[in-house]
Amino acid sequence: MDDRNGRGRDRPAPTGARHSPPASFVEQANVTDDSIHEAFDEEWPTCWERAASLLEWDEPYDAVLDAEDAPFYRWFTGGRLNAAYNCIDRHLEAGRKTHAAIRWEGKQGERETYTYQDLSVAVDETAAALRELGVGEDDVVTVYLPMIPELPIVMLACARIGAPHSVVFAGLSADALATRMEAADSEFLVTCDGYYRRGDAFNQKSKADNARLALEQDVRTVVVDRLGDDLPHVLGDDEWDYHDLRDQYAGATVDPVPRDAEDMLFLMYTSGTTGEPKGVVHSTGGYLAHVAWTTHAVLDVKPADSYWCAADIGWITGHSYIVYGPLALGTTTVMYEGTPDYPDRDRLWEIVDRNAVDVFYTAPTAIRAFMKWGTEYPEKHDLSSLRLLGTVGEPISPRPWNWYRKHIGGGECPVVDTWWQTETGAVTLSTLPGIDDMKPGAAGPPLPGIEARVVDADGDPIEPGETGYLTLSRPWPGMARTLYDGDDRFREEYWDRFSDPDADEWHYFSGDTATVDEDGYVTVLGRVDDVINVSGRRLSTMEIESAITDVDGVAETAVVGRSSDRNGTDVYAYVSTEREVDPDDALRRRIVDSIEAAIGPIARPEEIVFTPELPKTRSGKIMRRLLEAVANGEELGDTSALRNPEIVGEIQAGRGDHD
Ligand code: WT7
């Protein structure tokens with residue numbers, strides 16, 4: 001198995017323990033009919049009408065699925081709808097104006113509640129302002145904001161006027177922002193002056209300014225004043241203050257633009273196997289139907305719930321399960337700007353307690369941290385409001401899974417381990433909490449209507465217990481429609497490997513390895529490609545390597561993942577220097593700076609190991625697999641293909657730093 005990523009390799013397989021959902025949960029669950037798996041199978045693809053029926057359509061669709069031009073599938077063709085209308089207006093019409101839509105918890109302890117009516121006003125005014133700045137239908141608006149209410153407001157304002165948004169995680173660097181804006185040919189940017197990091201004011205606008213300097217296109221920029229007097233800023237040409245604009249358009253209303261089901265709702269850049277990030281294109285109808293359906297069926301969210309997905313909207317989890325899914329269902333979505341340990345390690349539990357959170361969704365990396373910090377923090381608060389827990393982003397092994405269920409879920413809450421990706425748009429593998437037994441360590445079976453297969457290198461299904469490649473064999477509504485960089489790259493990245501176009505057989509390749517058990521429960525092990533998943537964030541080793549080789553004095557580098565209790569995987573960088581260059585701390589610092597400038601602090605290596613040479617095959621290829629084994633302290637296996645086997649011993653003995 002060409003498993004390039006150390007992640008999860010030593011993870012024990014599910015212990016065989018099974019947990020049934022408690023009767024008290026099942027009684028109230030949104031989905032309880034256990035014939036649903038079968039029904040979706042028999043009625044496929046019409047079964048997906050159940051998802052579409054959670055939305056309000058301006059024009060009904062003619063067909064559920066058009067597979068004519070596979071793998072460019074089209075869902076709910078002919079249908080028209082507006083995502084902002086579905087997330088806001090229809091709830092007002094249903095008499096829920098005063099229901100809380102967003103409860104925001106700021107980093108400085110600030111709290112704001114937006115009712116659906118408040119959200120409606122804010123989105124309308126923002127949409128009017130964006131339009132006035134020249135944003136038209138199909139213009140890509142880049143949004144570079146931290147977790148402040150203006151972020152979902154701007155996204156929904158874009159959706160209202162049919163302008164796809166491209167949200168760039170606020171922690172990414174100026175270079176990363178520029179790359180994404182250039183690739184998307186985006187001429188509009190919404191950002192802010194800055195934000196607080198552990199109490200300190202941090203300048204965001206200077207990063208946005210630097211990105212704009214690097215761009216050829218003209219960019220009109222809207223700046224949210226988040227910090228006020230804590231960080232004064234000046235507006236230059238083509239820059240507007242967000243709140244001034246809002247004042248100018250106070251009371252304005254904007255009719256939602258009916259969009260074709262297949263029109264792009266948003267673009268989301270993610271790391272791929274090459275240095276260039278991939279612009280994943282999501283549709284309006286299929287995406288919204290799939291996220292609404294999974295928020296209902298998997299996260300069991302009800303309109304009256306207080307629901308909290310503790311992720312960042314700058315990544316797909318936040319798009320689907322902080323913004324679009326919960327708001328489409330008309331629930332209250334909690335949005336938290338800060339970190340779990342500031343001002344103290346009980347911060348999240350305090351928020352759960354105060355907001356009487358019913359459903360809580362987070363990542364294994366956070367759960368592992370909670371476990372390390374100890375039970376005293378959750379024990380300080382009343383968590384009895386919780387009904388369901390979810391996890392996403394990385395494999396979770398049985399120990400943290402059990403800890404989560406016991407110490408956060410009071411031993412009662414079902415835990416859904418949801419596997420999905422930026423490209424799948426919404427959850428694709430998970431137990432249904434009111435029906436399926438849970439097996440700690442395994443994400444679960446494919447959702448009704450989804451077909452997952454774990455296959456060998458030839459694409460043939462493997463025996464239970466063996467490791468293979470995780471593929472999805474039927475299209476699903478939330479799937480990426482293409483890559484903004486082009487249809488060819490979309491086919492190459494996801495479809496070419498396991499599909500047989502002549503036979504019109506299409507299998508989506510996830511890039512993950514997995515095993516499947518006798519009951520069809522899938523345990524995801526990790527990535528096979530050059531992507532590493534650090535704390536549930538996807539980084540491309542090639543992107544990091546290219547930032548390292550940009551540094552003067554660096555000859556060559558290889559970046560690998562090392563399994564870590566804390567982050568799931570850590571970034572390890574092996575670097576060889578040019579002959580006359582000293583591999584000292586100054587060089588180390590320059591490497592870190594370069595990575596932070598190219599990508600952002602999230603890609604900072606845990607360890608930079610200097611070595612006189614990298615291990616290479618006789619044909620000159622760097623043997624990353626070997627480096628990964630070294631980083632993970634594993635058996636090296638066969639090293640006979642190496643041209644310079646002696647170097648491995650040196651690196652292993654930690655004598656890499658030639659001094
Ligand atoms: C990759 C996708 C989906 C939102 C967050 C990440 C890994 C995701 C699980 C899970 C094991 C998981 C996979 C996947 N992953 N969920 N429940 N169990 N692995 O989105 O950045 O597109 O990353 O995250 O490796 O391919 P993403």
Side-chain angles (χ1 to χ4, degrees), residues 3-9 11 14 167 169 172 268-273 277-280 282 290-291 294 298-299 309-322 324-325 361-368 389-398 400-401 404 415-431 438-447 452 454 469-472 478-480 483 493-494 508-516 521-540 561 563 567-569 602-603:
D3 183 352
R4 302 281 293 266
N5 189 330
R7 118 117 48 251
R9 242 193 225 170
R11 206 155 54 83
V167 177
F169 175 62
L172 291 188
M268 168 111 254
Y269 280 90
T270 187
S271 299
T273 48
K278 303 186 272 200
V280 176
H282 280 293
H290 193 175
V291 296
T294 44
V298 178
L299 298 173
C309 168
D312 194 295
I313 297 176
W315 310 108
I316 191 73
T317 310
H319 277 52
S320 300
Y321 297 110
I322 299 177
Y324 286 112
Y361 193 25
T362 190
T365 190
I367 299 166
R368 289 189 301 265
L389 300 174
T391 144
V392 59
E394 316 157 62
I396 181 165
S397 40
W401 191 102
Y404 189 36
V415 176
V416 285
D417 176 358
T418 62
W419 177 89
W420 57 292
Q421 310 179 293
T422 305
E423 293 86 345
T424 69
V427 178
T428 38
L429 304 184
S430 169
T431 50
M438 298 159 269
K439 298 188 189 185
L447 290 185
V454 181
Y469 303 99
L470 177 58
T471 64
L472 299 177
M479 68 197 304
L483 292 178
E493 293 267 353
Y494 308 107
Y508 168 87
F509 179 39
S510 64
D512 281 349
T513 53
T515 64
V516 58
Y521 278 53
V522 176
T523 294
V524 176
L525 300 169
R527 307 279 311 187
V528 288
D529 50 15
D530 298 312
V531 170
I532 45 185
N533 186 332
V534 179
S535 304
R537 277 157 190 179
R538 225 159 107 173
L539 300 170
S540 146
S563 297
N567 300 320
T569 315
I602 54 167

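Each ligand, and each atom within it, is numbered from 1 in the order the structure gives. Reckoned from all heavy atoms, side chains included, excluding hydrogens, waters and symmetry mates.
- Of the possible polar contacts, one joining the Tyr321 side chain to the Val427 backbone as a donor-acceptor pair under 3.5 Å is found.
- Ligand 1 has no nitrogen or oxygen under 3.5 angstrom from a nitrogen or oxygen of Thr270.
- The side chain of Asn533, and not its backbone, has at least one atom closer than 4.0 Å to an atom of ligand 1 (non-hydrogen atoms only; side chain from C-beta on).
- Residue contacts with ligand 1 for Thr418 involve N, CA, C or O but no side-chain atom from C-beta outward (heavy atoms, distance under 4.0 Å).
- Each of Gln421, His290, Glu423, Met479 was checked for a side chain to side chain contact (heavy atoms under 4.5 Å, CB included) with Thr428, and the lone residue meeting it is His290.
- Residue Thr391 has no nitrogen or oxygen atom sitting less than 3.5 Å from a nitrogen or oxygen atom of ligand 1, judged on distance alone.
- Considering backbone and side-chain N/O of Arg527, one or more are found under 3.5 Å from N/O of ligand 1.
- Proximity of a side-chain donor or acceptor of Thr418 to a complementary backbone N or O of Thr391 within less than 3.5 Å is detected.
- Both the backbone and the side chain of Thr422 come within contact range of ligand 1, each with a heavy atom under 4.0 Å.
- Not one N or O of Ser510 is nearer than 3.5 Å to an N or O of ligand 1, by distance alone.
- Here Glu394 has backbone heavy atoms under 4.0 Å from ligand 1, and that is the only part of it that gets that close.
- With a heavy-atom cut-off of 4.0 Å, Pro395 touches ligand 1 through backbone and side chain alike.
- Annotation: side chain of Tyr521 is in contact with side chain of Thr431 (closest heavy-atom distance under 4.5 Å).
- Looking only at side-chain heavy atoms (C-beta outward), Phe509 and Val528 come within less than 4.5 Å of each other.
- Checked by atom type and distance alone, the side chain of Glu394 pairs as donor or acceptor with a backbone atom of Thr365 at under 3.5 Å.
- In this structure, the side chain of Thr294 engages the main chain of Val291 through a donor-acceptor pair within 3.5 Å.
- Ligand 1 is approached by Gly393 to a heavy-atom distance shorter than 4.0 Å.
- A pairwise comparison of heavy atoms in Thr424 and His282 identifies C-CE1, 4.3 Å as the closest pair.
- The option from Tyr321, Trp419, Trp315, Trp420 that lies nearest to atom 3 (C) of ligand 1, judged by heavy atoms, is Trp420.
- Listed by number with element, the atoms of ligand 1 under 4.0 Å from a non-hydrogen atom of Val524 are 11 (C), 19 (N).
- Of all the atoms in ligand 1, the ones that sit under 4.0 Å from a non-hydrogen atom of Thr317 are 4 (C), 5 (C).
- Across all their heavy atoms, Trp420 and Gly425 have their closest contact at CZ3-O, 3.3 Å.
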